[in-house]
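For the single chain, residues carry numbers from 1 onward in sequence order. All ligand and atom numbering here is 1-based and tracks the order in the structure.
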Amino acid sequence: MKMNNYRFLFYLFISLLFQQLSAQTCLSPDGQTSIYFSLSSDGQPQYEMKLGETTVIRTSRLGFELKDDKALLLDFTIEDVQFDSFDNTWTPVWGEESQIRNHYNEMFISLKQTTTNRTMNIRFRVFNEGMGFRYEFPQQPNLGHFIILQEKTQFSLTGDHTAFWIPGDYNTQEYDYTTSKLSDIESLFDDAVTGNASQEQFSKTGVQTALQLKSQSGLYINLHEAAIIDYPAMHLNLDPESYTFESWLTPDAIGNMAYMVAPQNTPWRTVIASFDAKDILASRITYNLNEPCAIEDTSWIRPIKYMGVWWEMITGMSSWNYTNDFASVQLGETDIENAKPNNTHAANNENVKAYIDFASEHGFDALLVEGWNIGWEDWFGRSKDYVFDFVTPYPDFDVVELTTYASSKGIELMMHHETSGSTRNYERHMDKAYAFMKKHGYHSVKSGYVGDIIPRGEHHYSQYINNHYLYAVKKAADYEIMVNAHEAVRPTGVARTYPNLIANESARGTEFQAFGGSNPNHTTILPFTRQIGGPMDYTPGIFEMDISKLNPNNNSHVNTTLANQLGLYVVMYSPLQMAADLPKHYLKFFDAFQFIKDVAIDWNSTVYLEAEPGEYVTIARKAKNSEDWFVGNSNGNNKRKATVDLSFLEKDKKYMATIYRDHKEAHYKTNPQAYEIESKMVSFQTILQLLTVPGGGFAIKITPIQPE
Ligand code: NOJ
Ligand code: CA
């Protein structure tokens with residue numbers, strides 16, 4: 001052997017030894033989930049994740065490309081490693097349970113880039129059911145302000161898993177899910193892209209988080225992020241050759257991703273993994289990686305069951321706008337007051353009062369009224385900056401009269417602020433708009449961001465616009481206002497810190513059932529994806545599936561059965577639940593409407609009974625401050641018998657169950673309104689077998705029988 005070869009072997013030995021020394025492992029509290037951190041031979045941070053002996057994430061690289069600066073990728077050494085563990089239980093203001101345990105082991109790695117003398121730290125938190133890590137940039141002389149051009153966080157998978165995905169898009173999340181092998185994403189991508197008022201994809205292998213995956217051996221893996229604060233939302237771009245996803249952030253108008261000012265941290269990158277799909281739903285990693293509640297007095301934050309002057313506009317039966325006189329409106333100049341009413345304007349005194357009467361009679365808390373304020377004549381698709389002022393009602397909507405009337409009937413009106421994506425305009429009017437709400441007794445606002453964002457060129461999920469959404473939530477808290485933001489960035493558990501963010505839409509909601517329909521199994525996937533970050537204002541409760549009955553010009557069909565719609569009140573967790581259909585449809589199916597009236601919206605505990613993404617989800621929840629349980633099921637494309645094991649009930653109690661389920665002849669398309677209601681005595685020993693049809697489901701109310 002030549003001397004050179006000896007030298008080579010020596011260096012190889014030293015470098016392997018060094019790598020060993022610089023490798024670190026962190027186990028979850030139960031020892032099952034493990035993270036292995038190391039540096040590559042060229043000094044790039046990398047990690048690997050296992051569940052028991054099964055590899056969840058293969059060795060995957062970490063780092064950043066920076067603008068006009070050396071990348072934070074190579075030449076790192078480990079300066080310091082610290083381990084810690086944490087176990088506490090916190091009480092959410094609202095939620096799927098009244099107590100949440102936050103139990104993890106932590107590994108903190110401090111890295112120095114030798115060539116630049118810059119510090120980048122990585123903090124891992126390893127839970128029994130998964131893990132999160134984030135990058136931390138402490139105060140330091142050589143890294144103060146920097147611009148991230150791309151985050152290079154990788155998630156290398158072990159094979160051609162099945163993915164439940166929607167196209168990566170900087171401006172919309174309102175897509176149906178495609179279920180496919182990773183290797184088929186590229187060829188299916190174009191078909192997966194359906195129309196939206198604002199959309200921009202970036203890669204034919206780009207998808208959104210939360211991304212649900214399933215390996216061939218039955219391992220469920222969920223990739224998402226927690227705590228998007230002052231940072232763009234992360235998409236994932238697949239390398240189909242290596243089954244490696246790499247982070248792909250949402251850029252600003254000039255292509256930069258994030259403007260960082262040390263000390264600053266990124267959001268957490270999360271991986272939940274289990275061989276049982278139910279564990280993915282039960283995980284609270286996303287909330288646990290967010291900061292505790294920042295609002296001292298939360299007594300004004302409360303769950304809401306509401307109706308809306310809404311579905312009639314969504315279906316095109318009536319309109320948001322008051323007049324058809326003007327092709328364009330200059331607020332303050334165009335004479336709306338004296339314009340000719342179009343007679344289709346839904347938010348008029350008489351109609352709103354009729355809804356108030358109905359909502360009050362049936363025990364609702366609130367009524368949403370959209371289209372109450374001037375500006376809807378040219379509200380979207382015009383890149384109009386000053387589109388709404390949020391305080392001037394149309395001539396046929398009397399704020400004082402209606403809020404007084406509502407309050408006399410125990411109903412609160414819910415405010416609506418459509419911004420049309422003009423975030424600058426909204427911020428300018430926000431204080432006045434919230435003060436107006438306070439003055440008139442509104443305590444909650446549904447906001448919306450339809451259409452391209454202004455400032456022009458910005459995206460719905462860029463750092464700047466994410467900061468806008470949080471600004472609105474924080475400012476609302478100053479006025480004791482709860483926020484339900486549609487089209488805003490997908491939630492990442494930030495509602496733990498700001499629980500007045502009571503819901504988001506931020507996915508394909510029920511409105512799309514009136515815009516051509518959604519896949520029948522849509523709500524068997526949403527709990528695994530969109531809802532990993534927080535509650536969705538899905539707006540269920542549609543009883544009339546044939547939309548042409550509401551508007552002869554709209555041939556859309558709601559692709560679920562009526563019993564499925566009832567099940568969604570339990571399956572699609574939210575402290576904000578809507579009964580979205582028209583009052584006359586509830587009168588027509590009055591016995592089924594009873595479930596919507598009865599169902600709780602805040603929970604003491606939750607039991608996940610059955611779950612398979614794309615196929616079925618069955619969940620039982622115990623109401624807060626009550627002995628009542630509610631069970632909901634959403635079924636996918638295939639007829640199936642669900643098994644509902646009631647062993648969660650108390651052993652010494654007898655219960656009465658009222659079951660709302662699909663008739664055996666029901667079908668989402670051909671016979672959606674065929675349901676049966678049955679009451680029977682049950683106990684902890686009962687196991688119900690319930691038939692569910694394609695696009696079907698069921699709902700059950702279980703109440704203790706009081707001893708005579
Ligand atoms: C889209 C929202 O999702 C929908 O609920 C609302 O009615 C319209 N925007 C108008 O603001
Ligand atoms: Ca929407």
*Check V617 against T524 and note the closest heavy-atom contact, atom names and distance.*
CG2-O, 3.8 Å
_What is the name of the N/O/S atom of E487 that is nearest to the Ca ion (ligand 2)?_
OE2
*For the ring-ring contact (aromatic ring centres under 6.0 Å, His included) test, which of H459, H486, H468 pairs with Y449?*
H468
*Report the nearest protein non-hydrogen atom to atom 11 (O) of ligand 1: residue, atom name, distance rounded to 0.1 Å.*
E418 OE1, 2.6 Å
*Which atoms from ligand 1 have a heavy atom of V450 less than 4.0 Å away?*
1 (C), 9 (N)
*State the atoms of ligand 1, each with its element, that fall below the 4.0 Å cut-off from a heavy-atom position in E511.*
1 (C), 2 (C), 3 (O), 4 (C), 5 (O)
*Can you see which heavy atom on L249 is nearest to which on M257, and at what distance?*
O-SD, 3.4 Å
*asked:* Within ligand 1, which atoms have a heavy atom of W320 less than 4.0 Å away?
replied: 7 (O), 10 (C)
*Would you kindly specify which portion of M313 sits under 4.0 Å from ligand 1, judged on non-hydrogen atoms: side chain, backbone, both or neither?*
neither
*Would you say E505 has any N or O atom under 3.5 Å from an N or O of ligand 1, going by distance alone?*
yes
*H362 side chain reached by Y586 side chain, heavy atoms, under 4.5 Å*: no
*List every atom of ligand 1 that sits less than 4.0 Å from any heavy atom of K446, numbering the atoms from 1 in the order shown and giving each element.*
4 (C), 5 (O), 6 (C), 7 (O)
*For W310, atoms of ligand 1 separated by under 4.0 Å from a heavy atom*: 4 (C), 5 (O), 6 (C), 7 (O)
*Is the number of heavy atoms from other residues, nucleotides or ligands under 6.0 Å of K204 NZ greater than 12?*
no
*Which residue and heavy atom of the protein sit nearest atom 7 (O) of ligand 1, plus the separation*: E370 OE1, 2.6 Å
*Taking all non-hydrogen atoms of both residues into account, name the closest pair between E505 and R530 and its distance.*
O-NE, 2.7 Å
_Salt bridge present between K446 and D537 (N-O < 4.0 angstrom)_ = no
*Which bit of F512 gets closer than 4.0 Å to ligand 1, counting heavy atoms only: side chain, backbone, both or neither?*
neither
_Below the 3.5 angstrom mark, is there an N/O of W376, backbone or side chain, next to an N/O of ligand 1?_
no
*Is it the side chain, the backbone, both or neither of I314 that has a heavy atom closer than 4.0 Å to ligand 1?*
side chain
_As an exercise, state the distance from NE2 of H235 to CD of E225, rounded to the nearest 0.5 Å._
9.0 Å
*Compare every heavy atom of P455 with every heavy atom of T423, then report the nearest pair and how far apart it is.*
OG1-CD, 3.5 Å
_Sub-4.0 Å atoms of ligand 1 with respect to non-hydrogen atoms of H486_ = 2 (C), 3 (O), 5 (O)
_Within a 6.0 Å radius of atom NZ on K438, are there more than 12 heavy atoms belonging to other residues, nucleotides or ligands?_
yes
*Taking just the N, O or S atoms of E174, which one is nearest to the Ca ion (ligand 2)?*
OE2
*asked:* Show the nearest heavy-atom pair for residues A472 and M430, with the distance to one decimal.
replied: CB-CE, 3.6 Å
*What protein heavy atom is closest to atom 1 (C) of ligand 1, reported as residue, atom name and distance in Å?*
E487 OE2, 3.0 Å
_Nearest to the Ca ion (ligand 2) - the N/O/S atom of E511, by atom name_ = OE2
*Which atoms of ligand 1 sit under 4.0 Å from any heavy atom of H416?*
11 (O)
*asked:* With rounding to the nearest 0.5 angstrom, report the CZ to OG distance, R382 to S422.
replied: 15.0 Å
*asked:* Looking only at N, O or S atoms in E505, which is nearest to the Ca ion (ligand 2)?
replied: OE1
